[in-house]
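As structure tokens, the structure follows; a few thoughts come after it.
Remember, predicted model here, so these are calculated numbers, not experimental data. One-based numbering, in listed order, for ligands and for the atoms of each.
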Amino acid sequence: MATVPSTLITVAPTGAESSKSDVPTLPCTLEELVSTAKACQAAGAAVIHVHVRDADAAPTLDLGYVRAAIAAVREATDLVVQVSTGGAVADSEAGRLGVLDSDPDAASLTCGTVNFGADVFMNRWELIEQLYLGMREREIVPEFELFDLGHVATMHRLLDRHGEPHGGHVHCDLVMGVPGGMPGTVQALLACVAALPVEATWSATGVGRATLPVMFGALAAGGHLRVGMEDTLTFSAGDAVRDNAQLVERAAAAAVLAQRPPMPVPEARAMLGVKERRRTTAGTGVR
Ligand code: KMH
Ligand code: ZN
């Protein structure tokens with residue numbers, strides 16, 4: 001029997017841009033992050049992209065907080081835990097490199113500088129190289145974050161110069177609709193997809209109003225999906241997002257409609273080449 005192609009759903013529940021006071025439903029505490037992770041796994045997510053908040057709900061790269069968040073999500077779910085190395089626009093390069101020591105399964109790796117609303121999200125070539133090599137040294141799977149077509153070219157340069165990532169598989173995420181990055185259009189999506197390595201897999205994320213066009217475009221073009229409150233806070237015109245699970249449920253329903261149902265976690269782990277870091281049942285090697 002032919003295998004049914006499936007859709008990897010990544011949830012990005014928090015981000016670094018929204019404040020808890022503006023968005024009270026944003027998961028910021030450890031308890032909120034864990035309950036969000038559980039609900040999103042149940043709704044069809046297989047990967048969680050984690051930005052961590054401190055006791056004041058401010059974005060932090062503090063290793064103590066980041067390690068605790070990763071361990072708690074890993075304990076409570078089977079999700080692939082992908083830590084953000086993008087952080088917030090004001091974060092230092094040293095801090096962003098430092099999160100690689102938090103023992104994640106995977107980590108985001110933005111492949112170039114981009115205007116980010118009124119700010120600049122700085123990603124110098126040397127930093128990109130250091131993050132990439134730091135991930136490989138620690139057996140962390142990168143997800144190449146591509147905000148523009150030029151970032152695709154930089155990813156190729158990285159792969160040509162330094163070889164394949166840990167796990168041997170290239171997985172990218174097209175981040176579309178950021179004010180300053182590529183627009184959230186099907187035309188831009190197809191231009192990027194045509195420039196990716198042939199063997200790469202990719203997901204797409206539409207920020208704000210780009211959420212739905214990018215989601216449908218990605219499904220039609222054979223891609224995977226990333227959704228979450230990092231990227232959109234509006235569910236439909238005038239309606240705030242209830243919670244992250246609502247966004248994952250919608251993505252899962254669209255994937256089912258496209259006859260590419262949500263990818264089970266074991267399949268996602270195998271596709272991405274993730275190293276097993278979950279605790280095993282003593283002596284059996286079985287989780
Ligand atoms: N918060 C943005 C400045 C990532 O997580 O790697 C960067 C970002 C990308 O969200
Ligand atoms: Zn992020």
Side-chain angles (χ1 to χ4, degrees), residues 9-20 22-23 26-28 33 36-37 40 45 47-54 57-61 65-66 69-70 73 79-93 95-100 102 104-124 127-132 134-135 140-148 151-152 154-155 158 165 171-182 184 202-208 210-211 214 225-233 244 247:
I9 300 178
T10 297
V11 63
T14 310
E17 280 69 43
S18 300
S19 70
K20 183 75 171 170
D22 287 345
V23 188
L26 198 69
C28 292
L33 179 64
T36 295
C40 290
V47 177
I48 185 165
H49 169 79
V50 178
H51 286 257
V52 179
R53 301 294 179 105
D54 67 15
T60 183
L61 299 179
Y65 278 101
V66 180
I70 290 172
V73 172
L79 293 168
V80 174
V81 186
Q82 179 196 94
V83 73
S84 167
T85 67
V89 285
D91 282 331
S92 68
E93 292 189 355
R96 291 171 57 189
L97 283 160
V99 299
L100 296 183
S102 60
D105 300 313
S108 59
L109 175 53
T110 297
C111 290
T113 295
V114 63
N115 284 332
F116 202 82
D119 296 307
V120 177
F121 179 30
M122 276 292 293
N123 293 283
R124 297 182 311 116
L127 175 65
I128 296 169
E129 283 185 303
Q130 285 174 326
L131 285 167
Y132 185 65
M135 288 180 202
I140 298 167
V141 168
E143 178 179 277
F144 300 93
E145 307 297 333
L146 310 170
F147 290 66
D148 225 330
H151 294 192
V152 182
T154 298
M155 179 184 71
L158 194 62
H171 182 70
C172 316
D173 180 43
L174 308 177
V175 187
M176 312 186 67
V178 168
M182 68 176 137
W202 58 276
S203 63
T205 306
V207 170
T211 300
V214 168
L225 303 177
R226 174 178 125 171
V227 295
M229 292 175 73
E230 172 168 346
D231 305 317
T232 184
L233 296 167
N244 281 283
L247 294 170

F147 side, atom CZ; N123 side, atom CG - distance, nearest 0.5 Å: 8.0 Å

Donor-acceptor side-chain pairing of T205 and D173 below 3.5 angstrom: yes

Residue S84 vicinity, atoms of ligand 1 by number, heavy atom under 4.0 Å: 4 (C), 5 (O), 6 (O)

The Zn ion (ligand 2) - name of the N/O/S atom of H51 that sits closest to it: NE2

The Zn ion (ligand 2) - closest N/O/S atom in H49: NE2

Shortest non-hydrogen separation from N244 to C40 and the atoms involved: CB-SG, 3.7 Å

N/O/S atom of E230 inside 2.8 Å of the Zn ion (ligand 2), strictly under: yes

Numbered atoms and elements of ligand 1 in range of H51, under 4.0 angstrom, heavy atoms: 1 (N), 5 (O), 10 (O)

Protein heavy atom at shortest distance from atom 10 (O) of ligand 1: E230 OE2, 2.9 Å

Atoms in ligand 1 with a heavy atom of H49 nearer than 4.0 Å: 4 (C), 5 (O)

Side chain to side chain donor-acceptor pair (under 3.5 Å) assessment of H49 paired with T10: CA-CA 7 Å; H49 169 79; T10 297; over 6 Å; no

Atom indices of ligand 1 within 4.0 angstrom of S108 heavy atoms, with elements: 4 (C), 5 (O), 6 (O)

Short N or O distance, T85 and ligand 1, threshold 3.5 Å exclusive: no

Residue pair L26 / R53: nearest heavy atoms and the distance that separates them: CD2-NH2, 3.6 Å

Test of proximity, G87 against ligand 1: N or O pairs below 3.5 Å: yes

Considering all heavy atoms, the nearest V214-G206 contact: CG1-N, 3.6 Å

Polar atom proximity, E145 to ligand 1 (N or O, under 3.5 Å): no

Proximal ligand 1 atoms for E17, defined as those under 4.0 Å from one of its heavy atoms: 1 (N), 2 (C), 3 (C)

Over all atoms of both residues, closest heavy-atom pair of P27 and P13: CD-O, 3.4 Å

Contact summary for C172 and M155, nearest pair of heavy atoms: SG-SD, 3.6 Å

